[in-house]
Structures are given as structure tokens and as C-alpha cells.
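Since we're looking at a predicted model, the values are computed, not measured. Numbers restart at 1 for each chain; the letters A, B, ... are given by sequence-line order, proteins then strands.
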Amino acid sequence: MPRTELTRTYEPNAVEARWYPWWEEQGCFHIQPDSGKPAFTINMPPPNITGQLHMGHGLQDTVQDTYIRYKRMKGFDAHWQAGKDHAGIATQNVVEKMLRGEGLTRHDLGREAFLERAWEWRNKYGDIITEQKRKLGDSADWRQEVFTMDPGPSRAVREVFVHLYEKGLVYQGDYIINWCPRCHSAISNEEVNYEDRAGHLWHIAYPVLDASGAPTGEKIVVATTRPETMLGDTAIAIHPESERTAHLKGKRVQLPLVGRVIPVIEDDFVDREFGTGCVKITPAHDPNDFEAGVRHNLERILVIDGTGKMNVNAPAKYQGMDRYECRKAVLADLEAEGLLVKIDDHQHSVGQCSRCDTIIEPWLSKQWFVKVKPLVGPALAAVADGRITFHPAHWANVYNRWLENLRDWCISRQLWWGHRIPVFYCEDCGAMMVTREDPTVCDTCGSTDIRQDEDVLDTWFSSWLWPFTTLGWPDVDAQKFKHYFPTDLMVTGYDIIFLWVSRMVMASLEFTGEVPFRDVFITGIVKDEQGRKMSKSLGNGIDPLDMVKSYGADAVRYSMTILNTEGQDIKLSEQKFELGRNFANKVWQAFRFLHMQDWSVLGTDFDVSQPRPIELADEWILSRLHSTIKAVDQHFDRYRPNESLQAIHEFIWSEFCDWYVELIKPRLYDKEDEGRRRDALANALHVFTRAMQLLHPFMPFLTEEIWSHIREGLGELGAKQPWGDALMMHDYPELSDALVSEEVEARFRLVQGITVALRNIRAEQQVSPKQPIKVVLQGPSEKLGVLEPVKHYVSQLALAESFELGGERPRPAAANVVDGVDVLVALAGLIDLDAERARLQKEQQRLSGFITGIEKKLGNESFVSRAPEEVVAKEREKLDAAKLDLERIQHNLSELG
RNA sequence: GGGCGAUUAGCUCAGUUGGUUAGAGCGCUGGUCUCACAUACCAGAGGUCACUGGUUCGACUCCAGUAUCGCCCACCA
């Protein structure tokens with residue numbers, strides 16, 4: 001049967017381009033809700049439609065796809081729910097930028113036309129990121145993809161808003177929110193990034209007035225980092241029990257530059273020690289001051305508008321100035337009046353908009369909020385009682401702490417792109433209506449003059465519903481919802497535990513009564529080589545698509561998986577992808593070797609699913625295979641896919657390639673005996689195909705390619721195999737405990753030990769690898785008995801021309817001791833006696849130290865009496881074995897003279 | 001100010017419930033272009049597990065404290 005020739009090294013690009021479309025055509029990714037299979041569901045964190053693939057996806061998609069493929073092969077109806085996020089602010093920014101290029105603003109277009117442009121943009125560019133994800137091999141059923149602004153999720157958002165409103169959990173009110181003067185919108189606490197900045201603390205003197213309103217000459221000094229806000233001050237606060245400021249109680253002061261007379265109030269939020277002990281109060285521009293204002297019924301004067309400019313409430317000369325321009329002006333004017341008494345350098349944290357980095361203005365405005373307290377308790381309970389488990393577990397602390405301190409969530413955004421708030425106002429009577437369907441008449445006065453709230457909802461207001469709205473909720477009878485919800489696994493970085501994970505739990509419990517997912521796999525963050533976050537501004541990002549092109553998607557997946565050790569951030573450099581490329585090539589080479597054998601010997605009844613253990617090497621590799629299967633499953637179960645892959649790597653590279661393949665070569669090359677050739681090849685193919693199945697979830701392209709060559713190689717036989725066409729649809733190898741044998745592995749370890757000892761002698765004595773050596777083994781008969789049937793393994797692996805068990809000692813000889821067996825190499829004339837002596841002496845020293853240690857331990861009465869019996873017994877065994885080895889070493893030393 | 005994480009070989013990191021005089025990859029040294037693979041093979045060097053106490057028969061592992069680094073949270077006017 002003719003076979004396609006394989007490339008000399010693995011070339012991933014062509015392979016990957018071939019298999020992805022084929023999988024999609026074959027429907028390999030399709031969900032099967034009717035199959036009767038149990039569901040396994042992961043909800044893919046929906047990328048923004050403005051998103052570009054970055055290494056965070058490289059990491060997280062790899063983890064998710066690996067689990068999806070693993071579970072699919074394990075017989076689950078694996079559903080990786082894909083979707084995309086409309087990304088309110090980000091998208092609106094992009095579209096507005098595009099408009100600016102045309103010399104337009106969104107206001108020029110008007111709301112409707114603007115939204116049309118936004119949809120156009122979404123339709124044109126919104127799928128780029130999912131196209132990129134395909135390059136990684138993501139095996140999602142893309143037909144199921146959902147967009148946050150699709151009718152389904154939109155209906156769900158509205159349902160949820162109305163539900164919460166009816167329950168009193170959504171309310172509107174005037175509060176201090178984080179305002180971005182560039183986005184012209186409120187944002188939530190979680191969308192503000194704080195950064196320590198060097199600033200100033202300006203000390204300003206406010207003249208004190210007497211009862212008649214005349215200046216007493218006394219001044220109160222307050223300190224501020226934002227002098228421009230003083231224009232909106234409506235009080236000065238002191239601590240009620242502070243002696244330092246007691247004399248100011250009940251006084252009034254005149255606000256400089258403005259002239260307003262404002263009271264001194266007493267409030268214990270003031271820190272007595274800090275600064276002068278006096279605080280200026282600006283209720284409209286500071287959250288603390290706002291609270292104080294509520295307590296003391298103070299006027300709230302907004303002096304900055306939504307664009308960051310001073311408004312009509314500021315004195316005329318400042319009106320229209322930008323807030324920072326105004327700051328300068330205010331300072332200059334205070335200085336001129338002699339009221340600026342001190343300027344200190346001051347380090348303080350400044351909030352910035354996470355979307356555009358503009359400095360946030362705490363700003364009083366009317367917004368919609370979610371009352372979160374009632375949602376927190378159930379969310380905490382779900383983790384506390386184990387319905388949800390974090391991996392690693394310590395992230396539950398972060399989750400808990402955040403929830404415990406959660407403040408109400410500002411959900412209204414002054415944007416156009418997003419889910420419009422379903423609140424309607426009657427223009428005639430002012431009645432407010434919050435409804436599931438758009439009202440046409442006012443339910444209070446019957447007027448038809450109705451206006452919808454201008455604002456849209458925070459993007460996260462649709463995201464927090466994602467695990468169930470993607471599956472059809474609020475239609476709780478939807479097949480997908482019933483079959484796939486609650487989902488099984490959530491994979492994400494620790495940076496969005498607050499923004500997303502905890503909110504999904506709250507929402508899910510409130511609206512479905514169920515947890516959204518059972519396990520949360522928290523990955524580290526991908527950093528650059530120096531541990532810095534990858535960012536555009538630093539230019540230190542590594543583009544996953546470039547890496548796919550240079551090293552192959554499987555290599556990227558391999559490296560991201562293997563580097564993803566629990567709880568650690570990943571320090572990434574391009575070089576790290578060589579790990580994956582090299583391993584892919586190693587697997588390829590192993591297959592090339594099998595591929596170039598004569599497969600016609602397999603006969604017509606060959607069944608690749610059957611092991612064929614004929615001799616020790618076969619039994620050993622099967623035992624190792626099944627030990628590996630067991631380990632892989634266990635590590636998957638404890639959410640350590642890196643260790644699963646490590647185990648597979650070691651099995652293939654260090655065990656299959658380094659030992660098994662080397663050992664079956666003589667059998668494969670046996671011209672005389674076709675049966676021997678067949679058995680060796682059959683078992684090797686059996687083991688190798690199992691290994692490909694194990695590896696498939698991690699490296700799908702490579703393994704699929706190899707399987708296709710196996711299929712081709714088997715010709716008509718291929719069709720008879722119990723597996724389908726696509727490797728990815730195969731069953732995962734099942735563990736067979738019967739094939740795991742510690743006794744077999746122990747025997748093989750002796751072979752390995754002796755082989756290494758001989759190679760070591762070769763290296764130390766600088767004997768060319770080509771030069772055959774004469775070997776004699778001396779030792780206990782049971783050990784020699786074990787070796788008897790497989791001594792050809794050793795002579796083959798170490799190139800021994802003769803190999804005697806229990807023969808006469810050659811003199812002079814290089815010697816090594818392995819597990820009580822003397823490994824002696826006749827090296828007449830060639831031996832470097834000094835090197836040999838040095839090596840033996842070193843070994844002697846090591847053993848003596850070892851023995852002393854154990855003897856000390858065993859000499860300790862408390863150890864013997866208190867340690868478990870088996871531990872003591874093990875120590876005794878170790879001691880005996882070491883003593884035996886030491887004796888032999890000493891004997892060999894004396895033989896050297 | 002509070003919390004979390006890290007500290008193990010030159011580098012990047014493993015080390016499962018305390019019981020091996022500590023493991024891997026990369027790098028390094030020496031030897032091999034051996035008919036699957038130099039993106040490889042063979043052999044080897046290299047660590048008082050940050051520090052100090054404690055618990056224990058026994059600590060890289062558990063406890064307390066210290067130091068250094070990193071991250072998160074917080075209403076430092």
C-alpha cells in the first residue's frame with residue numbers, strides 16, 4: 001500500500017490550514033443535545049467585537065479548548081458556548097473615531113444614523129477575533145454563537161431590568177459617580193483604574209466671619225488636591241471632638257473667589273491628625289463630601305460639566321474653562337489674594353477611565369443603580385457551601401472580600417451603543433413606566449407623548465447574564481437551557497473575578513436559582529519576560545498569530561499549557577515556543593519512524609486497538625502507557641492540565657522514543673521472522689495511536705495529521721478499525737489497570753539502570769560509542785535471573801559485544817554498581833585508572849554519606865518506635881541495599897589496586 | 001492602611017495529604033551528523049529549598065516572626 005511521504009521535519013502551517021476547515025465541514029464541533037450524551041459546557045468569555053487576539057486568549061482558549069476536546073473524546077456532548085460582546089464604550093469610541101475622520105461627530109448624525117453606522121462597523125469587523133480564534137484550533141460550535149445585542153439576550157436584559165425594578169433592586173438617584181469627561185459617561189467603580197501619581201496638596205485659607213458676617217481676621221486653612229472644586233464648596237468640616245479645631249465650632253467662613261458664606265460643620269469622618277484638621281466640603285464633586293452633605297443637609301453645587309469644563313455655577317470668569325485650566329486660574333487668583341498659604345508635594349492615587357485613561361471626575365448626577373446587597377448573600381453562600389469551587393482555591397478569598405464590600409452598581413451609561421434602558425416617561429404628566437414591552441400610552445394619564453430614557457446599560461449588565469442568556473433564558477423550557485445549564489467550567493484570569501465572575505454568580509442565582517458554573521479555573525496573566533503586563537504602549541506584546549505562523553498552533557498551545565502552572569503569572573518570551581515546536585517535531589519523527597516500516601506485515605486481521613505484549617519491553621510500555629492515562633485523568637480532574645501534558649510529554653519522549661522504539665528495532669529489522677516484525681510493529685502502533693489520542697486535546701492538528709497517515713497507511717484495514725475518520729472524534733483511551741504492573745516496571749528499571757551504568761563507563765573512559773565492549777555482570781542470582789531473558793536489551797542499548805551473567809571478572813575492569821549488581825567492563829589497555837578510581841571514590845563517598853544518614857535515623861530510638869512501621873522497614877531496606885552497593889564499590893576499588 | 005501571592009540549580013518553574021541526602025525544561029560541560037529526529041542522541045556538572053525560631057521521631061512541605069519582590073483592595077481631604 002503506497003503511502004504519502006512525510007516531510008523531514010514537521011511543518012505545521014500546511015497541516016493546520018488543512019484540518020480546521022475539514023473539521024468544520026465534518027461537523028466535528030457540533031453540539032449534540034439529542035444524542036443522550038451527558039453535557040459538558042464551558043461558556044467562552046465573549047470577546048469584544050473590537051477585540052484583537054492576544055496572548056491572554058492564547059492561554060485561556062487553549063485551556064478551554066483542551067477541556068472541551070478532552071470531554072468530547074470522553075463521551076460528553078461538549079458545548080463550548082461562543083459569543084461576542086458589543087462592548088459599549090469601546091465600540092462607540094471606535095465608531096466615533098471613524099466619524100471624526102469624516103469630520104463628523106455622533107451628534108451630527110443623530111442617534112439612529114449613528115447606530116446604523118455602529119451596526120455596519122460590527123458587521124464588517126466584528127468577526128475578526130473569532131476568525132483569529134479558529135487559528136488556535138478552537139473547537140467551538142460556531143453555529144451557536146450569540147451576540148450580546150441579538151434579540152434573545154436583549155430580551156433577557158430587559159426582562160432582568162424590569163424584574164429588578166419591580167423588586168426594588170434597580171433605582172434611580174442623584175449620587176456621586178465616576179464620570180469620564182472624554183467618554184461623556186458614567187462608569188462603574190470596576191471600570192476605574194487607580195494609579196499613584198505625584199501631585200500637590202494646596203493649602204488654602206478661608207476667612208472666618210463673626211456673627212455679623214464681618215471677617216474676624218482669623219483664617220481656616222484647608223488642603224486639597226483639586227483646588228478647582230473649591231468653587232463648589234458648601235461647608236468646612238471639623239472633627240467634633242478635636243481640641244485643635246474646637247474654637248471653630250459654629251463659625252462661618254467666606255468662600256474665597258466666590259464669596260459664598262458657608263458653615264463649619266462637625267463630622268467624625270474628619271481625620272483629626274491629618275493636615276490642619278479642617279476639610280473643605282464639595283458635595284457635588286467628592287463621594288465623602290457627598291455623604292457628609294447628606295448628613296448635614298448641605299447644598300450640592302455642581303461647578304464642572306460633563307465635558308470637564310467649568311459651568312454656570314462657577315464665577316463668570318472661570319466659566320467655560322477646562323477643569324485643569326481653571327485649576328491654574330484659581331491658584332493664581334488665590335495667590336494674588338494671599339490665600340494660598342502652602343504647596344506640598346503629594347503622592348496620591350488618581351482614578352482613570354479603563355477605556356481611555358482620562359482622569360475620572362467624581363461627579364454628581366442622576367443615574368440608575370442596582371442595589372446589590374440582596375444579591376451578595378446567595379453568591380457568598382454558593383462558594384462557601386461548595387456549589388462553586390475556585391481553582392486555585394485561594395481566589396475564593398478575593399471573590400468573598402469583594403462581595404462583602406460591594407457598593408451599589410451604577411448601570412446607566414450616557415452612550416448610544418448598547419441596550420437602551422427600558423424606562424419611559426410621559427411628557428404630559430411625568431409618569432415613569434418600566435415595562436417589558438414598549439408602552440404606547442401613558443398608564444397614568446393616557447397621553448401618547450412618551451419618551452424613552454436616553455441612556456443605555458453598562459455592557460456588563462448583559463455580560464453578567466451570559467451563562468444563561470446564551471442558552472435561551474428567559475425561555476426556561478429551551479432545550480439548550482435545560483441541557484447545558486448550569487455550565488460546568490468557567491476559565492478566566494483573576495483580573496475579571498470582580499467585573500464578571502462574581503456578578504455572573506449573583507445574577508444566575510437571582511434569576512435562575514442555580515449557580516452559573518461549578519468550577520472556576522483562574523489562570524495567571526501573561527506577562528513579558530521582565531514580568532511586565534503586555535501592552536500596546538510598552539510595545540512588549542507577543543502576537544499569538546505571529547507565533548502560530550512561526551511555530552504552529554500546536555506549539556503555541558503546548559507552550560501556553562506547559563507554562564500555565566497553577567496560580568502563577570506567565571513570563572513569556574518568543575523563545576518559549578520552541579518548547580512546543582520541538583516536541584511537535586519529536587512526535588513527528590517518532591511517527592516517521594513507524595511510518596517507514598513495512599506495514600504489510602500487519603496482515604488482514606490487524607486491530608490497532610489491541611495491545612500485543614510479547615516480551616518485557618512490550619509489557620513495560622503498556623504499563624507506562626496506562627500509568628500515564630491514569631495520571632492524565634487525575635491531573636485534568638484537579639485542574640492541572642499542565643501536569644497532564646507533562647506526563648504525556650514524558651511518556652512519548654522519554655519512554656516511548658528513548659527506550660521502547662530503540663528496543664524494538666532489532667525485532668522490526670528481523671528479516672527472518674515476519675511474526676516478530678508484526679508483533680513489534682503492531683504493539684508500537686497500538687501504543688502510539690493511544691498516545692496520539694491522549695495528546696489530541698492539547699495538540700489537535702499534529703495528532704489529526706498523524707492519524708490521517710495511519711489511516712492511509714492501513715489502507716482498507718483502516719476502514720475496519722473501530723474508530724471513525726477524525727481522530728478528534730475518537731474515544732479517549734480507557735484506563736486498564738490490569739496492564740499496569742509495578743513488578744514489570746521494576747524489572748525494566750534494572751535494565752535501564754545497567755544500561756545507563758554502561759553508558760556512563762563509556763563516557764567516563766572515553767570509549768567511542770562505536771567501539772563494542774565486553775561486559776560481565778556479577779550479583780545476586782535472583783537479579784541475574786531477571787536479566788537473563790532480556791540481556792540482549794542491555795547489550796543492544798550499550799553496544800556490548802559480549803554480555804555474560806555471572807561470568808569471571810575481567811581484569812582490569814571498569815566497574816559500576818547498580819542495585820546490588822556489579823557491572824564490569826573489560827577494558828584492557830584502554831582503561832584510565834585514575835579516572836576510574838576517582839569515579840568510584842566519589843560513588844563511595846556518596847554511598848557512605850547516605851548510609852550514615854540512615855544509620856543515624858535508625859539509631860534514633862524515637863524514630864523506630866514512633867514512625868510508622870512501613871517507613872522504618874523501608875529505611876532498613878534502603879540501608880541494606882546501600883551497604884551491599886558500598887561493599888561492591890569498595891571491592892571494585894581494591895581490584896583497581 | 002488592609003489582604004493575597006512569591007522567594008527551590010545560571011534562567012523559567014515543578015514538588016500532591018510532612019517520610020527520596022530535592023525534579024524538569026532551557027542554558028552550561030564532555031562525547032556523538034548512530035540508517036525517525038542536531039528542533040536530535042548519550043553522559044555529566046550544578047541547589048546548606050530567602051532568613052530566624054517553633055511543632056515533630058522526621059520539615060522544601062505545618063505554625064509564628066523577619067526580609068525582599070510583585071499584585072489586589074481602600075472615602076490618605
Side-chain angles (χ1 to χ4, degrees), chain A residues 6 8-10 176 194 201 222-226 237 269-271 274-276 278-282 286-292 346-349 362 392 394-395 397-398 401-402 405 494-495 497-498 525 527 529 531 551 555 562-563 565-573 575-576 578-597 634-635 638 640 642-643 646 649-650 654 657-658 661-662 665 669 756 759-764 766-770 798-799 846 849-854 857 860-868 870-872 874-875 878:
Chain A
L6 306 183
R8 278 192 67 81
T9 51
Y10 179 58
I176 297 278
Y194 290 91
L201 203 50
V222 296
T224 179
T225 53
R226 295 187 296 149
F269 95 93
V270 176
D271 181 345
F274 190 90
T276 58
C278 302
V279 185
K280 65 189 271 303
I281 302 295
T282 323
D286 182 279
N288 274 327
D289 296 2
F290 176 84
E291 294 298 329
H346 186 65
Q347 194 83 12
H348 63 129
S349 71
H394 73 260
W395 289 111
N397 299 333
V398 175
R401 195 163 303 280
W402 184 77
N405 298 308
Y494 57 76
D495 50 342
I497 292 177
F498 300 155
I525 305 293
K527 305 275 182 72
E529 220 170 349
Y551 299 92
I562 215 81
L563 295 172
T565 55
E566 193 183 68
Q568 292 282 330
D569 286 346
I570 295 176
K571 286 191 199 170
L572 192 66
S573 62
Q575 204 196 338
K576 294 273 171 62
E578 289 174 11
L579 299 175
R581 181 200 58 185
N582 293 357
F583 180 59
N585 188 54
K586 184 70 181 180
V587 172
W588 186 247
Q589 297 307 335
F591 180 63
R592 278 187 74 215
F593 173 76
L594 296 177
H595 186 258
M596 62 177 56
Q597 306 308 315
Q634 283 172 347
H635 292 136
R638 38 199 291 268
R640 307 271 194 108
N642 60 313
E643 295 192 25
Q646 187 68 53
H649 173 280
E650 190 163 329
S654 307
C657 292
D658 289 350
V661 167
E662 290 309 318
K665 278 179 179 173
Y669 298 153
V756 171
R759 289 168 173 170
N760 177 263
I761 288 172
R762 250 185 208 286
E764 293 287 335
Q766 311 227 323
V767 178
S768 153
K770 284 177 187 160
L799 205 72
R846 191 189 66 83
F850 184 56
I851 287 168
T852 312
I854 303 179
K857 205 185 259 190
N860 183 341
E861 176 56 32
S862 323
F863 172 72
V864 179
S865 60
R866 306 182 90 149
E870 49 193 83
V871 173
V872 178
K874 213 169 131 193
E875 290 299 317
K878 269 157 59 180

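Distance A/Q766 CD to B/C42 P: 19 Å, rounded to the nearest Å. Counting to the nearest Å, the C1' atom of B/C76 and the CG atom of A/D289 are 14 Å from each other. Atom NE2 of A/H394 and atom P of B/G3 are 16 Å apart (whole Å).
Separation of the C1' atoms belonging to B/G3 and B/A74 is 11 Å when rounded to the nearest angstrom. For B/A14 and B/A24, the C1' atoms lie 7 Å apart once the distance is rounded to whole Å. Between B/U7 and B/U39, the distance separating the two P atoms is 34 Å to the nearest Å. Here the separation of B/A9 from B/G47, taken at their P atoms, is 10 Å to the nearest Å. B/U48 and B/U66 are spaced 26 Å apart, taking the P atom of each and rounding to whole Å.
Between A/Q589 and A/N585, the closest side-chain pair of non-hydrogen atoms falls below 4.5 Å.
If you check B/C41, B/C33, B/C73 against the side chain of A/K586, the one that comes closest is B/C41.
Among the protein residues, A/K576 comes within range of the sugar-phosphate backbone only, with heavy atoms under 4.0 Å from sugar or phosphate atoms but none that close to a base. If you check every strand for non-hydrogen atoms under 4.0 Å, A/V222 touches nothing. If you check every strand for non-hydrogen atoms under 4.0 Å, A/R866 touches a base. At the heavy-atom level, A/N642 lies nowhere under 4.0 Å from the strands shown.
For B/A14, the base has no donor-acceptor partner in the side chain of A/Q568 [N/O atoms by modelled type, under 3.5 angstrom].
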Just the dot-bracket of RNA chain B, please: which string comes out with Watson-Crick or G-U pairs under 3.5 Å, [ ] for crossing, | for another strand? (((((((..((((.....[...)))).(((((.......))))).....(((((..]....))))))))))))....

